[in-house]
Visitor: 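Sending over a structure as structure tokens; questions will come in a sec.
What you see is a predicted model, and the numbers here were worked out from it, not measured in a lab. Naming: A, B, ... by sequence-line order, numbering from 1 per chain.
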Amino acid sequence: MTDSQAMTATQNAIRVRFAPSPTGKLHVGGARTAIYNWAFARANDGVFILRIDDTDPTRSTEENTQIILRAMRWLGLDWDEGPDVGGPFGPYRQADRVARYKEAAEKLVEEGKAYYCFCTPEELEAGRKRAHEAKEEFQGYNGACRKLDPAEAKARVAAGEPHTIRIKVPEGRGDVVVDDAVHGQVTFNAKELDDFIIFRSDDTPTYNFATVVDDADMRITHVIRGDDHLSNTPRQVIVYEALKKPVPTFAHISMILGEDGKKLSKRHGATSVEEYQQESYESEAFVNYLALLGWSFDDKTTIIPRDVLAREFSLNRVSKNPATFDSKKLNWINEQYLLAMTDEEFAEKILGPQLVLAGKEEEGCISLRPEWFALLASVIKPRTKIAGDVVSLTEFLYKGDAPEIEEKAFNKMLAKESAKPSLVAALSALQTLEDKASGFYADAINDALAPLPEELDISRGAFYGAIRVALTGTLVSPPMGEMIELLGCKSTCARIEAALEKIETTA
RNA sequence: GGCCCGUUCGUCUAGCGGUUUAGGACACCGCCCUCUCAAGGCGGAGAUCACGAGUUCGAAUCUCGUACGGGCUACCA
């Protein structure tokens, strides 16, 4: 590629941005917006930019910024330009760009496209109240300071009078048509827009101004963001026009609701990405689920790995209506990702880390006995919804030689006549098997146990149930052969003997 | 109040004027497999496409109203 070609490519490249405010953790709604931006950029060989919109210094924190960055990394959404990696249009934190906004705002004042306003918040509030009580159609700013003589206004500013800067919505602007990639053309009448504030009296820019300056400076071509900004878009279009910058394409995506159909909030449980990470969801499954919440690939696909998403995402398949967050489906998708792992992979990525985390195994345990862990993975994997489940699913392994037996389980399986002969027969069969030295494997164990119920004239349910309770103390466990192989002969026999003893003492 | 957006099974969605007795997925129910619990296989129930008019030979799909939900109307983002 020649330099001029490279230049053309960059100029034509799609550039999108995700611009969270660090006023809290990364929310699932924000995460989905980030995913759509990222996927749209990747699918179109575009550039994905991360910008921190911290124009509100009172609510923004560095800690939240770091949490958001961490969440983005966990989601696997890599950015090409951003606060930590830099880029040609930085800085990428709004707090570091205030001089730029000030300059842009003053320039608009100079050009007569914006003006100083000396109205106090109290006056404005009173005006709004009056308009509201009079039930006036238009309840916005009345434009009092618009008529001020510019020279006089400048003098008042120079004299230190508190002031804001308001943009002038051009007289007779007519309809502002927003070209929205998901909603189509949305028309607003500029008459309904008032001269809104672009710069506060405390010398900070407002959101509607700062984002436009940044999006223009950063050559953003597509603004993909939440629905709640749709009504603000005509205001931003006015700013683009005042700045004489091209207006990007917008794509307003709907919000995510809680299971009661209300806006997602704390009382719906986990709402931040961080919480889902801590609850041990697979990052890719989480991204998959969120991507599908408001976007579809076709009429049947539900499993979309991250790389496929990055190839296939398109804005025209984004749906307009709000979506309800369904943790059951998230769980199911998560499970599908776990199921898709090989046993070795599952042992390495899920079993090892989770068991180490729970203090059940030592770091590096898998390499010591890879086959045992692969077998364990094969029985645990289909029973795992999320990674953290493996701790309870493997609990039977760590119960020692005389597991505590749940009362309910004892009463149901061991407190009956068939229990003792079942255990005795199983014990002897297993010991014989071990003596044969042909290998204490699941298949052989199953073969050794299989004929016993009939020989003893005991139902299979009662027979295996008795062993299950003896070995685990509970009524639920992995399949018998595998479980016994995992426990090994020594522990198995010890547990059966302990159960027999308990039967004796109880009887 | 004004302006804007949205409305297909409980949930996520497919559907872009006839191919639809509205398709798929989650959840639910049943059967099969089976020593328990899963996983897997098969099947079932579940949506008069918010409602009402209109356009059309024909509408979930186009238009207009109504209702309900949401957003904006801040010196929040």
Visitor: Rounded to the Å, how far apart are A:M413 CE and B:C37 P?
Guide: 10 Å
Visitor: Determine whether the side chains of A:D180 and A:H252 contain a donor N or O and an acceptor N or O closer than 3.5 Å.
Guide: yes
Visitor: Write down the partner of B:C68 under the Watson-Crick or G-U wobble criteria, each distance required to be under 3.5 Å.
Guide: B:G6
Visitor: Rounding to the closest angstrom, what is the interatomic distance between B:A25 and B:U34 at atom C1'?
Guide: 27 Å
Visitor: Rounded to the nearest angstrom, tell me the gap between atom CZ in A:F463 and atom C1' in B:U36.
Guide: 14 Å
Visitor: Counting only side-chain heavy atoms from C-beta out, which of B:C5, B:C35, B:U36 sits nearest to A:S477?
Guide: B:U36
Visitor: Can you spot which of A:Y281, A:Y276, A:F325 makes a ring-ring contact (aromatic ring centres under 6.0 Å, His included) with A:Y289?
Guide: A:F325
Visitor: For B:U21 and B:U66, measure between their P atoms and round to the nearest Å.
Guide: 33 Å
Visitor: Using whole Å, what does the distance between atom C1' of nucleotide B:G71 and atom CZ of A:F188 come to?
Guide: 10 Å
Visitor: If we count only N and O atoms by modelled type, under 3.5 Å, do the side chains of A:R225 and A:T233 hold a donor and an acceptor together?
Guide: yes
Visitor: Could you check which nucleotide pairs with B:G1 in any of the strands shown, counting Watson-Crick or G-U wobble with both distances under 3.5 Å?
Guide: B:U73
Visitor: What nucleic acid atoms does A:T187 come within less than 4.0 Å of, heavy atoms only: base, sugar-phosphate, or nothing?
Guide: sugar-phosphate
Visitor: Does a side-chain N or O from A:R166 land closer than 4.0 Å to OP1 or OP2 of B:A74, or not?
Guide: no
Visitor: Whether the A:D53 and A:Q94 side chains hold a donor-acceptor pair (N or O, under 3.5 Å, no angle test) is what I'd like checked.
Guide: yes
Visitor: How many whole angstroms separate atom CH2 of A:W295 from atom P of B:C12?
Guide: 18 Å
Visitor: Counting heavy atoms from C-beta on, name the nucleotide in B:C4, B:A74, B:C37 closest to the side chain of A:R383.
Guide: B:C37
Visitor: Would you mind classifying the nucleic acid contact of A:H183 as base, sugar-phosphate or nothing, using non-hydrogen atoms under 4.0 angstrom?
Guide: sugar-phosphate
Visitor: Grab the CD-P distance between A:Q336 and B:C12 for me, whole Å please.
Guide: 20 Å
Visitor: Flag the pair A:L449 / A:I445 as yes when at least one side-chain heavy-atom distance between them is below 4.5 Å, and no otherwise.
Guide: yes
Visitor: So which nucleotide from B:A77, B:G24, B:C35 ends up closest to the side chain of A:K300?
Guide: B:G24
Visitor: I'd like to know if A:Q139 reaches the base of B:G1 with its side chain such that a donor and an acceptor end up less than 3.5 angstrom apart.
Guide: yes
Visitor: Using atom C1' in both nucleotides, what's the gap between B:G17 and B:C72 to the nearest angstrom?
Guide: 35 Å
Visitor: Would you call the rings of A:F209 and A:F199 parallel, tilted or perpendicular, taking 30° and 60° as the class edges?
Guide: perpendicular
Visitor: Tell me which nucleotide among B:C4, B:A38, B:A77 gets nearest to the side chain of A:T206.
Guide: B:A77
Visitor: A:W332 has a side chain; which of B:A27, B:G71, B:C76 sits nearest to it?
Guide: B:A27
Visitor: Taking only the C1' atom of each, what is the distance from B:A39 to B:A77 in whole angstrom?
Guide: 46 Å
Visitor: Side-chain N or O of A:S319 versus OP1/OP2 of B:U13: is the shortest distance under 4.0 Å?
Guide: yes
Visitor: Compare the minimum distances between each of B:C37, B:A77, B:C12 and the side chain of A:R200, then state the nucleotide with the smallest one.
Guide: B:A77
Visitor: So, is A:R317 near the phosphate of B:G15, with a side-chain N or O under 4.0 Å from OP1 or OP2?
Guide: yes
Visitor: Of the candidate nucleotides B:C5, B:C3, B:A25, which contains the atom at the shortest distance from the side chain of A:E192?
Guide: B:C3
Visitor: How is A:G226 classified with respect to the nucleic acid when contacts are heavy atoms under 4.0 Å: base, sugar-phosphate, or nothing?
Guide: nothing
Visitor: What does A:L339 touch in the nucleic acid at a heavy-atom separation under 4.0 angstrom: a base, only the sugar-phosphate, or nothing?
Guide: sugar-phosphate
Visitor: Answer with yes or no whether the side chains of A:T301 and A:D298 bring together a donor and an acceptor at under 3.5 Å.
Guide: yes
Visitor: Phosphate oxygens OP1/OP2 of B:C35: is one of them under 4.0 Å from a side-chain N or O of A:R460?
Guide: yes
Visitor: Would you indicate what A:E335 reaches in the nucleic acid, counting non-hydrogen atoms under 4.0 angstrom: base, sugar-phosphate, or nothing?
Guide: sugar-phosphate
Visitor: Where the side chain of A:R59 is concerned, which of B:A77, B:A25, B:U7 is the nearest nucleotide?
Guide: B:A77
Visitor: If you look at every strand shown and take non-hydrogen atoms under 4.0 Å, does A:P121 touch a base, only sugar-phosphate, or nothing?
Guide: base
Visitor: With both distances under 3.5 Å as the test, what is the Watson-Crick or G-U wobble partner of B:C29?
Guide: B:G43
Visitor: Classify the side chain of A:K329 and the base of B:A25 as holding, or not holding, a donor-acceptor pair under 3.5 Å.
Guide: yes
Visitor: With P as the reference atom in both, quote the distance from B:A27 to B:C35 in angstrom, rounded to an integer.
Guide: 26 Å
Visitor: Would you say the base of B:C3 and the side-chain of A:S231 have a donor-acceptor pair closer than 3.5 Å?
Guide: no
Visitor: So what does A:P478 touch, heavy atoms closer than 4.0 Å: a base, only the sugar-phosphate, or nothing?
Guide: base
Visitor: Searching all strands shown, indicate the nucleotide that pairs with B:U19 (Watson-Crick or G-U wobble; both distances under 3.5 Å).
Guide: none
Visitor: Determine whether the side chains of A:N208 and A:T206 contain a donor N or O and an acceptor N or O closer than 3.5 Å.
Guide: no
Visitor: Under 30°, 30 to 60°, or over 60°: which ring-plane class applies to A:H163 and A:Y116, parallel, tilted or perpendicular?
Guide: perpendicular
Visitor: Below 4.0 angstrom from OP1 or OP2 of B:A39, is there any side-chain N or O of A:K385?
Guide: yes
Visitor: Kindly say if A:S296 contacts the phosphate of B:A14, meaning a side-chain N or O under 4.0 Å from OP1 or OP2.
Guide: yes
Visitor: Going by purine N1 to pyrimidine N3 plus the second Watson-Crick contact, or the G-U wobble pair, all under 3.5 Å, which nucleotide sits opposite B:U55?
Guide: none
Visitor: Mind calculating the distance between CG (A:D260) and C1' (B:G10) to the nearest angstrom?
Guide: 14 Å
Visitor: Nearest to the side chain of A:A323 - B:C12, B:A77, B:A14?
Guide: B:C12
Visitor: Side chain of A:E137: nearest nucleotide among B:G70, B:G2, B:C37?
Guide: B:G2
Visitor: Would you indicate, yes or no, if B:C12 has its OP1 or OP2 atom less than 4.0 angstrom from a side-chain nitrogen or oxygen of A:T324?
Guide: yes
Visitor: Just checking, is any N or O donor in the side chain of A:E395 or A:T472 under 3.5 Å from an acceptor N or O on the other one?
Guide: no
Visitor: If I pick the C1' atom on B:C9 and the same atom on B:U48, what distance separates them, to the nearest angstrom?
Guide: 13 Å
Visitor: Indicate whether OP1 or OP2 belonging to B:A27 is found under 4.0 Å from a side-chain N or O atom of A:N331.
Guide: no
Visitor: Could you state the atom-to-atom distance from CZ of A:F138 to C1' of B:C72 in whole Å?
Guide: 13 Å
Visitor: What nucleic acid atoms does A:P234 come within less than 4.0 Å of, heavy atoms only: base, sugar-phosphate, or nothing?
Guide: nothing
Visitor: Identify whether any heavy atom of A:T55 sits under 4.0 Å from a base atom; if not, whether one sits that close to sugar-phosphate; answer base, sugar-phosphate or nothing.
Guide: sugar-phosphate
Visitor: So, is A:S21 close to the B:C76 phosphate, meaning a side-chain N or O under 4.0 Å from OP1 or OP2?
Guide: no
Visitor: Heavy atoms only, 4.0 Å cut-off, all strands: where does A:H252 land among base, sugar-phosphate and nothing?
Guide: nothing
Visitor: Between A:N288 (CG) and B:U13 (C1'), how many Å, whole number?
Guide: 14 Å
Visitor: Counting any heavy atom closer than 4.0 Å, what does A:T164 reach on the DNA or RNA strands: base, sugar-phosphate only, or nothing?
Guide: base
Visitor: With a 4.0 Å cut-off on heavy atoms, is A:N232 in touch with a base, just the backbone sugar-phosphate, or nothing at all?
Guide: base
